[in-house]
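To keep things clear, I will list the structure first and then write my remarks on it.
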Amino acid sequence: MDSGVSTTEPLTSIAQASSGQEEGLIGRLVGGMIRRSVKKQFRRVYWSPPARRPEGPVVFVCTHHGWFDGYLMFHVVSRLGKRSLDWIQEFGAFPLFRYVGGMPFPLGDAAGRAKTLRQTVRLMRGEGRSLVLFAEGVLHQAPEIWDIGDSLRFIAKQVPNATLIPTAIHYQLGIHQRPEAFITFGEPLARGENLLMEAREKLQALLDQTSERAKQSDDFEILVQGTLDVNERMDMRQIPGAKR
């Protein structure tokens, strides 16, 4: 699938680039916790990376159907070298997420959310930060995409040079001991009066396509090698002298 991201720098040249996502010692510790958790809980995480590295600030407009969405997007932005922000509704439960780009977005606190919006705009404009935006606003069951919140329109207006990239995360469990995840990117969204409706439609189509493509994992690259099935990790038939 064509990512639709028009850039000049090959992704392969920055595959292992440091994004600065982990700030200081605490950031590295939190990042390590995230990586260990994903490696332990998933067999593999697959993706179809953009053909080229997105230039300037990016808003990754993501689906939100899984508890691990934020952890998986941490891997995505780290691999792409895009230092990103992430609004977290329950930020107060683990404020150390601030050291990997997390920002408070408390439910029912309009003033707190407005403060985060202002800080986000300032960092995106001044430092070129990107944003992981779970635009539906609520974690919910797949596969339907809910209405997109107006925060997407606000950021698109306040940071006009940001590229708005639909991002689908599909989870699959059945033939392996642990789930697998598949991440894809769509064509950048065009700004306009119908931005929110277009974003919902594009996300739904992208998620449906990703779900269909996930039936053949050879169509993807491995983003994270997790923990293989127990029968893949050990086979007592390989012990010398064991009965077969």
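Numbering starts at 1 and runs along the sequence shown.
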Next on the checklist: Suppose the criterion is side chain to side chain donor-acceptor pair (under 3.5 Å): which pairs have a residue in residues 115-127, not counting sequence neighbours?
Outcome noted: W87-T120, R125-Q158, E127-R129

Item to check | Any pair counted as side chain to side chain donor-acceptor pair (under 3.5 Å), so long as it reaches residues 65-75, sequence neighbours left out | outcome: H64-D69, D69-Y171

Tell me if a side-chain donor or acceptor on [X] pairs with a main-chain N or O of [Y] at a distance below 3.5 Å.
X: R98; Y: M103; value: no
X: R233; Y: T227; value: no
X: Q172; Y: A181; value: no
X: S78; Y: F74; value: yes

Filter on salt bridge (Lys or Arg N to Asp or Glu O under 4.0 Å), then keep only pairs touching [range], sequence neighbours left out; what's left?
range: residues 99-114; result: none
range: residues 133-144; result: E144-R200
range: residues 166-177; result: none

When you group the ILVMFWY residues by side-chain heavy-atom contacts below 4.5 Å and let the links chain together, are [Y] and [X] in the same group?
X: F42; Y: I222; value: no
X: L207; Y: L72; value: no
X: V224; Y: V76; value: yes
X: F105; Y: V132; value: no
X: L139; Y: F134; value: no

Could you tell me which non-hydrogen atom of [X] sits nearest to which non-hydrogen atom of [Y], and how far apart they are?
X: E198; Y: A190; result: OE1-O, 3.4 Å
X: S84; Y: V77; result: OG-CG1, 3.3 Å
X: F185; Y: S48; result: CD1-O, 3.3 Å
X: S130; Y: V58; result: OG-N, 2.9 Å
X: I175; Y: D229; result: O-OD2, 4.3 Å
X: Q177; Y: L228; result: OE1-O, 4.2 Å

Under the side-chain hydrogen bond (donor to acceptor under 3.5 Å, both in side chains) test, which residues partner [X], sequence neighbours left out?
X: K215; value: E212
X: E23; value: R83
X: D208; value: Q204
X: R44; value: Y46, Q225

Going by heavy atoms in the side chains, are [X] and [Y] under 4.5 Å from each other?
X: F60; Y: L80; result: yes
X: R153; Y: L196; result: yes
X: M124; Y: V59; result: yes
X: L195; Y: L164; result: yes
X: I155; Y: L133; result: no
X: F68; Y: I169; result: no
X: V30; Y: E22; result: no

Gap separating the [atom1] atom of [X] from the [atom2] atom of [Y], nearest 0.5 angstrom:
X: E201; Y: I148; atom1: CD; atom2: CD1; result: 10.5 Å
X: E55; Y: N161; atom1: CD; atom2: CG; result: 11.5 Å
X: D147; Y: I145; atom1: CG; atom2: CD1; result: 11.0 Å
X: R178; Y: K39; atom1: CZ; atom2: NZ; result: 10.5 Å
X: I183; Y: W47; atom1: CD1; atom2: CH2; result: 8.0 Å

Next on the checklist: Just to verify, what does E232 make a salt bridge (charged side-chain N to carboxylate O under 4.0 Å, His left out) with, not counting sequence neighbours?
Outcome noted: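 So E232 forms a salt bridge (charged side-chain N to carboxylate O under 4.0 Å, His left out) with R43.
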
Checklist entry - Who passes salt bridge (charged side-chain N to carboxylate O under 4.0 Å, His left out) against R28, sequence neighbours left out? => result none

Next on the checklist: Check for me whether the distance between the ring centres of F220 and F182 falls short of 6.0 Å.
Outcome noted: yes

Next on the checklist: Tell me every residue that passes ring-ring contact (aromatic ring centres under 6.0 Å, His included) with Y99, counting only those two or more places apart in sequence or in another chain.
Outcome noted: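 Listed in chain order: nothing, the list is empty.
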
Next on the checklist: Would you call the rings of H140 and W146 parallel, tilted or perpendicular, taking 30° and 60° as the class edges?
Outcome noted: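 H140 and W146: parallel rings.
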
Checklist entry - Would you say M33 has more than 12 foreign heavy atoms packed within less than 6.0 Å of its CE? => result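 Atom CE in M33 is packed in, count exceeds 12.
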
Checklist entry - Any side-chain donor-acceptor pair under 3.5 Å between T184 and T210? => result yes

Next on the checklist: Checking R53 against K82 for the side chain to side chain contact (heavy atoms under 4.5 Å, CB included) test, could you report, in this order, the C-alpha distance in whole Å, the side-chain angles of both residues, the deciding distance, and whether it holds?
Outcome noted: CA-CA 9 Å; R53 181 178 185 266; K82 303 299 293 183; 4.0 Å; yes

Checklist entry - Can you tell which of L206, L203, I165, T167 makes a side-chain contact (heavy atoms from CB on, under 4.5 Å) with V61? => result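 Output: one option passes, namely L203.
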
